[in-house]
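Note that ligands are numbered from 1 as they come in the structure, with each ligand's atoms numbered from 1 the same way. Values below: every heavy atom of this structure, side chains too, minus hydrogens, waters and symmetry copies.
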Amino acid sequence: MGFLHDLQYFSLAMASLLICAVGVLVFYFWFSAFQLNLKLQRNGFSGPPPRFPMGNINEMKREGEKASHGAPLAMSNDIHSTAFPYFAKWRLSYGKVFVYWLGTEPFLYIGDPGFLKQVSNGVVMSKAWGKPTVFKRDRDPMFGKGLVMVEGDDWVRHRRIITPAFSSGNLKAMISLMVETTNKMLDEWTGQVNFDMHEINVEGDIIKNAAEIIAKTSFGMNHQYAERVFEKLKAMQVTLYRSGRLLGVPFGRLVYLKQTLEERKLGKEIDDLLLSIITARKASHIAEPPKDLLGLLLPDNHVNELLGKKLSPRELVDECKTFFFGGHETTALAVSWTLFLLAKQPKWQTLLREEIMEVTGGEPLDFTMLPKLEKMGWVMNEVLRLYPPAPNVQRQVREDIQVGDTIIPKGTNIWIDLVGMHHDPALWGEDVNEFRPERFKEDVLYGGCKHKMGYLPFGFGGRMCVGRNLALMEYKTVLSLILTRFSMSLSPNYLHSPTHLLSLRPSCGMPLILQPITPNHP
Ligand code: HEM
C-alpha cells in the first residue's frame with residue numbers, strides 16, 4: 001500500500017517537473033522570439049504578424065496550396081507568384097524588405113538590391129554574416145561542414161583548398177569525360193526515338209548525366225558507385241524537404257521523427273560510400289595521383305600543407321557530399337530549363353545550332369571552342385535570370401549590422417529572394433518575363449538590369465559560387481551536344497509548375513518531344 005502511495009507521489013512529481021520543463025522551454029523560445037521581433041519593429045521592419053510557435057508557416061502553406069490549385073501557369077515565365085506566392089503577396093503589403101517568421105526564427109526578406117548593397121557593404125563577409133543555424137542543423141546530413149555551410153576561418157581554409165580544383169588546366173582535362181558521358185545519354189535517347197518513343201523526360205536524364213559527370217571528373221568514381229550515391233542523395237533531398245516544413249518551430253523535427261531518422265540513416269550510408277572511395281584513393285599509391293577535386297582535398301596533398309591545417313576526415317567526407325550534390329543538380333536544372341525555353345522558341349534553337357556549326361566547323365567540341373559560343377552564353381544568362389536553379393541565398397547576422405539609420409539585430413536571418421529580383425519589372429522593364437537572351441548582348445554581365453545586385457544567379461561577394469566556371473563549361477558542352485543531335489518541342493503532357501525543392505525545378509518533370517537531326521533534315 002505504502003509502495004503504491006510513493007509511486008503515485010513520484011509520478012505526480014515527475015509529471016509536474018515535465019510540465020515545468022516544457023513551460024520553461026516554451027517561455028524561452030517565445031520570449032526570445034518576442035524580444036527580437038520587438039527590436040526589429042523598433043528599427044522599422046514590419047511584416048506579416050507571426051503566431052507562436054509556427055511563425056508564418058501556416059499562411060505560407062495556405063498560399064502555396066492556393067497557388068498549386070489555381071489556374072495552370074499557361075507556360076508563362078512569370079513564376080514568382082506561383083513558386084513563392086507568399087512572398088509575392090507580402091511584397092504588395094510590406095514592400096521589398098520585410099520580416100517574416102519560420103517558427104521562432106525571424107527572416108529579413110530582401111528583394112531590393114539597393115538595400116542588399118547597403119547591408120553587404122563593409123561587412124566582412126565571413127565574420128559578420130554566417131549561414132542560418134536553423135539550416136545548418138536541418139541540412140547537416142546533406143552538407144555537414146562542407147564549404148556551403150562553414151563559416152569564419154574554417155570557410156577561408158576550405159575555400160583556399162578547393163579553389164584550385166577549378167583552375168582552367170583542371171577544367172580542360174574534364175571535357176572529354178563530359179562529352180563521353182553525355183553522348184552515352186544521347187545514344188539512349190536515339191534508341192528510344194528509333195522505337196518511336198519521342199517523348200522523353202529530359203530533366204531526370206540530364207540530372208543523372210550531371211551526377212555521373214561530377215562523380216567521374218571530381219572523384220574518379222565509376223558508374224555504379226556514382227549511381228548509388230546519387231540515388232541516396234535524391235532520397236535524402238525528398239526526405240529533407242518534407243521534414244523541413246516545420247523549420248524553425250521548436251521541436252518541429254520531432255513531428256517528423258520518422259523522416260528525421262531516415263535522413264540520418266541515408267546520411268550515414270552516403271558517408272560510408274564516400275569514405276570507401278577516399279580510402280581506396282589513399283591506398284592506390286599511384287606515382288602521379290589525379291589532380292581532381294578529391295586529389296586536392298586529400299590530407300597528404302602538398303598544397304594543403306602549405307595552407308596550414310588540413311581537412312579532417314569528417315570535413316573531407318562533407319566536402320565530397322557538398323560537391324556531389326551542389327555540383328550536379330544546379331547545372332542540370334539550368335540545362336533542363338533551357339530546353340524548356342528553347343522548345344517554346346524554336347528560333348533560338350536554330351540560332352544556337354548555327355552558332356555551334358560556325359564555331360566547331362562540324363569537328364568534335366574542344367575546350368578552346370567554348371568561349372566562342374557567345375549566343376549560348378547570353379541564353380545561359382537569360383535562363384539563370386528567369387529560372388535561377390538556386391532561387392535564394394540565406395545568411396544569418398552574427399553581429400548587429402547598421403544600415404543607414406536602422407540596425408539589423410544579431411541573430412536575424414536574411415533571405416535574399418533571387419527569383420523576386422530577377423522578375424522585378426522595376427529592375428528589368430516591362431518585358432521582364434519574356435525570354436530575350438539578346439538583353440545580354442549589350443550588357444553581358446547584368447543584362448541591362450538597373451542595379452548591379454539585381455542579377456545574382458551565382459550569389460555575391462566572397463561566397464560567390466566556387467563552381468561557376470565548371471557550370472558554364474558543362475552547360476555549354478551538354479547543350480551543344482544535345483542541340484547537334486535533336487530538335488525539341490514541348491510535350492502536351494508537360495505541366496508548367498516550377499517548385500522549390502532546395503533548387504528551383506519542374507514539379508512534374510520535363511517531358512519533351514525529341515526529333516533526331518539528320519544532315520538532310522536540320
Ligand atoms: C548553374 C549552376 C550553378 C548555380 C546557379 C549555382 C549557384 C550558387 C549560388 C547562388 C551560390 C551562393 C550561395 C550562398 O551565397 O549562400 C553557390 C555557392 C556554391 N556553389 Fe554553386 N551554383 C552552380 C554550380 C555549381 C557547381 C558546378 C558546383 C561544384 C562543382 C557548385 C558548388 C558551390 C559551392 C561549394 C558553393 C559554396 C561556396 C561558398 O560558400 O564559398 N556550384 N552556388
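Stacking of R139 on the aromatic ring of F143 is not recorded, the 6.0 Å distance cut-off and the 45° axial limit not both being met. In this structure, R395 satisfies the cation-pi test against F460, with its NZ or CZ atom closer than 6.0 Å to the six-membered ring centre and inside 45 degrees of the ring normal.
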Atom pairs and distances, side-chain donor-acceptor, residues 161-168, under 3.5 Å, sequence neighbours left out:
{"residue": "T163", "atom": "OG1", "partner": "R159", "partner atom": "O", "Å": "2.6"}
{"residue": "S167", "atom": "OG", "partner": "P164", "partner atom": "O", "Å": "3.3"}
{"residue": "S167", "atom": "OG", "partner": "N170", "partner atom": "N", "Å": "3.4"}

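Applying the 4.0 Å criterion to heavy atoms of V393 picks out, from ligand 1, the atoms 14 (C), 15 (O), 16 (O). Interface atoms of ligand 1 facing F323, defined by a heavy-atom separation under 4.0 Å, are 29 (C), 30 (C), 35 (C). Counting atoms of ligand 1 from 1 in the listed order, those under 4.0 Å from a heavy atom of I214 are 30 (C). For ligand 1, the atoms closer than 4.0 angstrom to any heavy atom of K131 are 14 (C), 16 (O). Each of the atoms 39 (C), 40 (O), 41 (O) of ligand 1 lies under 4.0 Å from some heavy atom of W155. Listed by number with element, the atoms of ligand 1 under 4.0 angstrom from any heavy atom of L470 are 30 (C). Interface atoms of ligand 1 facing P457, defined by a heavy-atom separation under 4.0 Å, are 5 (C), 7 (C), 10 (C).
A donor-acceptor pair shorter than 3.5 Å can be found between the side chains of Y494 and H496.
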Can you list the steps and then say if R505 with M510 is a side chain to side chain contact (heavy atoms under 4.5 Å, CB included)? CA-CA 9 Å; R505 56 191 312 160; M510 190 168 290; over 6 Å; no
Can L386 and E434 be said to form a side chain to side chain contact (heavy atoms under 4.5 Å, CB included), step by step? CA-CA 9 Å; L386 289 168; E434 282 171 32; over 6 Å; no
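Between K172 and D366, no side-chain nitrogen of the basic residue sits less than 4.0 Å from a carboxylate oxygen of the acidic one, so the salt-bridge criterion is not met.
Nearest to atom 36 (C) of ligand 1 among the protein's heavy atoms is V148 CG2, 3.9 Å. For atom 15 (O) of ligand 1, the nearest non-hydrogen atom of the protein is R395 NH2, 2.9 Å.
Below 3.5 Å of separation, one finds an N or O of R159 facing an N or O of ligand 1. Below 3.5 Å of separation, one finds no N or O of T331 facing any N or O of ligand 1. In terms of polar-atom proximity, R463 is counted as a contact of ligand 1, with an N or O under 3.5 Å from an N or O of the ligand.
With hydrogens and angles disregarded, a donor-acceptor distance shorter than 3.5 Å links the side chain of T406 to the backbone of V403.
Not a single heavy atom of H158 lies less than 4.0 angstrom from ligand 1.
The closest side-chain heavy-atom distance from L479 to L339 is below 4.5 Å.
Taking the six-membered ring for Trp and the full ring otherwise, F87 and F107 have centroids separated by 6.0 Å or more. Taking the six-membered ring for Trp, Y387 and W337 have ring centres closer than 6.0 Å. Ring pair H328/F230: centre-to-centre distance below 6.0 Å.
Protein N, O or S atom count below 2.8 Å of atom 21 (Fe) of ligand 1: the structure gives 1.
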